[in-house]
Amino acid sequence: MKILTAAQLAEADKVTLEKQEITSEELMERAGTLVFNEIHKRLQGAPIPIKIFCGIGNNGGDGLVVGRHLIQHGYEVRTFVVNYSDKRSEDFLSNYEKLKEITNHWPELIKSENGFPEIHTGDFVIDALFGIGLNRPVEGWPASLINLINNSQAFVLSIDMPSGLAPDKIFKDGAVVQAGYTLSFQSPKLSFYLPDTMDYVGDLQVIDIALDREYLGKVDSNIFLIGKEEAQSLYRSRKINSHKGDYGKVLIIGGSYGKMGSVTLTSRAAMRSGTGLCTVFIPECGYDALQISNPEVMVLTDENSKMITKLPLNFDADVYCFGMGAGTNDATAKAFEEFLKTQNKPIVVDADGINILSKNKSLLEKMPENSVITPHPGELKRLIGEWKDDFDKLEKVKALSKKFKLIVVVKGAHTFIINNEEIYINSSGNPGMATAGSGDVLSGVITSFVGQKYSSLAATILAVYLHGSSGTIASDQLGYESLLAGDIADNIGRAVQELFNRNPEPIKKN
């Protein structure tokens, strides 16, 4: 799914009005009615006090449409117009008059803090203050109203986006509505998925308001939300007439004394993701652990018993993976540098491998084209330096990807995959996956798909989605708190089944 900018959505509105030969007021009626339908579907006429806070632009007009339909369906509604300016949109004014025609309880005007109503815990608050056109932070008494809403403990539903939030920028200051639920029009907004701003959104539902299909199909976007449909389109089923050599020969390099669990998880995830042949190169101290825990994996060892000091330069593999538990000592870093000089196949680099790159950034120039690095926020900061906000971070990551021809996986609640100027945002996963070893599993899944001859980008997008889906399947059985990284690795197959609506088998625990 494309994620569009505020300017592109405004243009989509304009094109829709022309092609469908409707007025902007009719489009507002359509959007507001769809919001009402979603609310009515859930409330089913329940006698809950509803308070609607409308701005004086088109977002406020949407709120007035919703309010009119709620009143006509017998709900207990109080509508407030937040009079922060003398300018009002024409569609707002038109819907203001329509609302006055169907009720004796006209909208109440708020001009200052003195006009604030009481908001109670059991209230249902609808936020229609500011829409996607907001170009400055919310300050002054409107900010105090937002703070009142946030502190009320009422349930808050935002129309299109939480007021105070912008789709394409982050305001340093200003108040933002903390929504429990957001009903957004036509396309999700980038700020819904950024660490700095995602917590304001609550549960998200995108409503199709039937904007022009041709425009939406053709409009250029370099930002995409990855869901089940997108993952399905990438997945390639296996041929009946095939053998293990058809599904990739991978070499996973990592581990050190006391840190063999990470590389164990990576190799386990690679095998669970369909790798044909997996070899692990580790310090000698990990030999028994790997052979016992992952009997399907072949093991090679360094001459050093506790750390990696020399990599197998002539090992023939389709893809390499380096870094999990490897440490950053000088001998390991030097071995990695020598290894890079001999390689032209993609390398998936994680954990200490990224830290080695951060300490010696000249090594980035030696990384084979279409290699993949998978930093968490701390590792990313060591790699690209500080950033002002999430938008600045994305620009710096895009520059890194473009300069070194790398795919960068920025791990988080919504993992971002950056390839040159393109951004892919993953929608699968859950908070239970914030556990040690989860990233090691992801590296194994990415490595596996690259080895199976997916392009590095397709392999990464599909791996990130299935990794998140596997975490959800496992946590549904085990709960967030009990989810382990090994559970994610072991449920990759079920995630593939779920991708095509085949019922995954229940998880069995000994």
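Counting begins at 1 with the first residue of the sequence.
The salt bridge (Lys or Arg N to Asp or Glu O under 4.0 Å) pairs that include a residue from residues 433-452 number zero, where partners must be two or more places apart or lie in different chains. Residue pairs meeting the salt bridge (Lys or Arg N to Asp or Glu O under 4.0 Å) criterion with at least one member in residues 181-198, sequence neighbours excluded: Asp160-Lys189. Sorted by first and then second residue, the salt bridge (Lys or Arg N to Asp or Glu O under 4.0 Å) pairs involving residues 420-432 (not counting sequence neighbours) are Lys398-Glu421. Counting only residues at least two apart or in different chains, salt bridge (Lys or Arg N to Asp or Glu O under 4.0 Å) contacts with residues 123-134 comprise Lys51-Asp123.
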Cut-off 3.5 Å, no hydrogens considered: what does the side-chain donor-acceptor table look like for residues 455-468, sequence neighbours left out?
| from | atom 1 | to | atom 2 | distance (Å) |
| --- | --- | --- | --- | --- |
| Ser455 | OG | Ala458 | N | 3.1 |
| Ser456 | OG | Asn370 | O | 2.7 |
| Thr460 | OG1 | Ser456 | O | 2.7 |
| His467 | NE2 | Ser438 | O | 3.0 |
| His467 | NE2 | Ser438 | OG | 3.4 |

Per-pair distances, 0.1 Å, donor-acceptor, side chain in residues 165-179, under 3.5 Å, sequence neighbours excluded:
| from | atom 1 | to | atom 2 | distance (Å) |
| --- | --- | --- | --- | --- |
| Asp168 | OD2 | Ala6 | N | 3.0 |
| Gln178 | NE2 | Asp199 | O | 2.5 |

Less than 3.5 Å apart, which donor and acceptor atoms pair up between the side chains of residues 443-452 and the rest of the protein, not counting sequence neighbours?
| from | atom 1 | to | atom 2 | distance (Å) |
| --- | --- | --- | --- | --- |
| Ser443 | OG | Asp350 | OD2 | 3.0 |
| Ser443 | OG | Gly439 | O | 3.3 |
| Thr447 | OG1 | Ser443 | O | 2.7 |
| Ser448 | OG | Ala270 | O | 3.2 |
| Ser448 | OG | Ser273 | O | 3.4 |
| Ser448 | OG | Thr275 | N | 3.3 |
| Ser448 | OG | Thr275 | OG1 | 2.8 |
| Ser448 | OG | Gln452 | NE2 | 2.8 |
| Gln452 | NE2 | Ser273 | O | 2.9 |
| Gln452 | NE2 | Ser448 | O | 3.4 |

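Partners of Phe155 according to the ring-ring contact (aromatic ring centres under 6.0 Å, His included) rule, which considers only residues two or more places apart in sequence or in another chain, are Phe124. The ring-ring contact (aromatic ring centres under 6.0 Å, His included) test applied to Tyr320 returns Phe339, not counting sequence neighbours. Contacts of Ser362 classified as side-chain hydrogen bond (donor to acceptor under 3.5 Å, both in side chains), with partners at least two apart in sequence or in another chain: Asn360. The side-chain hydrogen bond (donor to acceptor under 3.5 Å, both in side chains) check on Asn304 picks up nothing, with sequence neighbours excluded. With sequence neighbours excluded, the residues forming a ring-ring contact (aromatic ring centres under 6.0 Å, His included) with His414 are Tyr193, listed by chain and number.
Interatomic distance, Leu400 CG to Ile373 CD1, rounded to the nearest 0.5 Å: 5.0 Å.
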